[in-house]
Peer 1: 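My questions all concern the structure below.
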Number of protein chains: 2
Amino acid sequence: MTIQKQPTPTARRGRRPGGVNTRAAVLEAARARFAREGFAATTIRLVATDAGVDASQVMQYFRSKDELFAAVMAIIPASLERFNTAFEGPDEHLGERVVRAYLSAWEGAAEESEPLMAMLRGAIVNDTASGQLRDFIQSRLLIGTRDRHDPDAVLRAGLASSMLVGIVTGRRIIGVPTLVAADAEELVAVVGPAIQQILVPTAAAADPSTAPA
Amino acid sequence: MTIQKQPTPTARRGRRPGGVNTRAAVLEAARARFAREGFAATTIRLVATDAGVDASQVMQYFRSKDELFAAVMAIIPASLERFNTAFEGPDEHLGERVVRAYLSAWEGAAEESEPLMAMLRGAIVNDTASGQLRDFIQSRLLIGTRDRHDPDAVLRAGLASSMLVGIVTGRRIIGVPTLVAADAEELVAVVGPAIQQILVPTAAAADPSTAPA
DNA sequence: CTCACAACTCAACAGGCGTTGAGAAAGTTG
DNA sequence: CAACTTTCTCAACGCCTGTTGAGTTGTGAG
């Protein structure tokens, strides 16, 4: 190639504004749709209409529906940082703190709860969501736990996590009347002790067969 | 209309055999597909191929995809009868019996577990499945419970149920490694006491604010 | 003003879906 | 055998989907 025609390399020219706002609007609309309708029922055209743009614009900013969904899921890790504090501190009332952390994360502001709802709804049909939820259940509760090398502790953490996910699913997705009607603090009062039991088993209730190695 | 031509009303004539078998084959193929792939990913053509028939045959026996799915879901109530025995008997080890009942139902023979898996996978996108799971969580655990008029007991039953559904989901749908690797009896040992705590709260751990009316 | 480039619109594609209706094949009855 | 009813096959329909590419508009730089 002949190096001849080269415009001033210092600055770009052409249209610029608006683009950033559009991308954010699309992402927000997608977040809400994925959270409320799930992955399959959310169409690119619908998201585009919600955001007030053309469908092909969605494809231009996010290259495919899967990548759009992945962009929504990418919000989750940031919001999970706030989980960690719940697990620090004494064992006493650990269950209570953990339950409260779950409920507040899933029922708080849209920016935090919607990606989590999208993950839950998408976990069955989308691999990204499934993997994210898998990692979430597997390893979230381990942060702050002393015995992260004890296989029994890992199992207990995973069990507590999946149980709490079950409660959130029943309350926010399936819509079990009793769970929907209950006050969050009521749930903390009932579930807290049970989660405590799982995470910090009392000698009386623990089974004798799984003594630490 | 002129009442003139009327064939012998005693017996029907024409082709008969095969039909019953075909219907059963389609239902079985659908059960497996819905359980393994979920509602959306299961197509009528796929089910037809599995059953070795034409797609339009599926439509002839079950009038639509929704009715085919409903037919699979209709199997569940029968298998739930076996749940009831778990809740009869003394409060002692009630949690253990309940956990075992859940695990064995979801991990037993295909005829029993597949409809349950289909319900779980379909609960997010299909209204029939969602309603079935809602009723399931809401009322299943109440059978055999003494205080079925105590609102607190209803809440506790719903919570225990949704927690167990959460565990099954993590183990069978999300595929959380720790939960998948664990032996069923291991889960019973860890989760049993926690469910016991929920269903039959000990005075020590129960919150003082919800005293019976 | 003019040009170049980014943001945006429009129309269309190919593919899969649930569903339908007409017609061929197969078996039962008289 | 012949009449008749049911089961099954085949091809197509309309619809909606994710995705693409060409063309239009607006805006900043020269």
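In what follows, chains are A, B, ... by sequence order, proteins preceding strands, each numbered from 1.
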Peer 1: Would you indicate, yes or no, if C:dC8 has its OP1 or OP2 atom less than 4.0 angstrom from a side-chain nitrogen or oxygen of A:Thr22?
Peer 2: yes
Peer 1: To the side chain of B:Asp54, which of D:dT19, C:dC10, D:dC10 is closest?
Peer 2: D:dC10
Peer 1: Expressed as a whole number of angstroms, how long is the span from A:Phe62:CZ to C:dC8:C1'?
Peer 2: 16 Å
Peer 1: Side chain of A:Ala55: nearest nucleotide among D:dT20, C:dT19, D:dT19?
Peer 2: D:dT19
Peer 1: Donor-acceptor pair, A:Gln138 side chain versus B:Val176 backbone, under 3.5 Å?
Peer 2: no
Peer 1: Applying salt bridge (Lys or Arg N to Asp or Glu O under 4.0 Å), run through A:Arg36 and A:Glu114 and close with a yes or a no.
Peer 2: CA-CA 8 Å; A:Arg36 237 166 285 165; A:Glu114 281 180 349; 3.6 Å; yes
Peer 1: Between the main-chain N or O of B:Leu179 and the side-chain N or O of B:Arg171, is there a donor-acceptor pair closer than 3.5 Å?
Peer 2: yes
Peer 1: Look at the side chain of B:Lys65 and decide which nucleotide, out of C:dT19, D:dC10, D:dT7, has an atom nearest to it.
Peer 2: C:dT19
Peer 1: Name the closest nucleotide to the B:Gln60 side chain, picking from D:dG21, D:dC8, C:dG21.
Peer 2: D:dC8
Peer 1: Under a 3.5 Å distance rule, please check whether A:Arg134 uses its side chain to pair with a backbone N or O of B:Ile174 as donor and acceptor.
Peer 2: yes
Peer 1: Verify, without hydrogens or angle tests, whether A:Arg156 (side chain) and A:Ile198 (backbone) share a donor-acceptor contact under 3.5 angstrom.
Peer 2: yes
Peer 1: Please work out if B:Ser64 contacts a base, only the sugar-phosphate, or nothing of the nucleic acid, heavy-atom cut-off 4.0 Å.
Peer 2: sugar-phosphate
Peer 1: Does A:Ser56 get its side chain close enough to the base of C:dC10, under 3.5 Å, for a donor-acceptor pair?
Peer 2: yes
Peer 1: Do any of residues 30-53 of chain B sit with a heavy atom less than 4.0 Å from DNA chain D, and if so which?
Peer 2: B:Arg45
Peer 1: Show me the side-chain donor-acceptor pairs of residues 38-47 of chain A shorter than 3.5 Å, one per line, residues at least two apart or across chains.
Peer 2:
{"unit_1": "A:Thr42", "atom_1": "OG1", "unit_2": "A:Arg33", "atom_2": "O", "d": "3.2"}
{"unit_1": "A:Thr42", "atom_1": "OG1", "unit_2": "A:Gly38", "atom_2": "O", "d": "2.7"}
{"unit_1": "A:Thr43", "atom_1": "OG1", "unit_2": "A:Leu46", "atom_2": "N", "d": "3.1"}

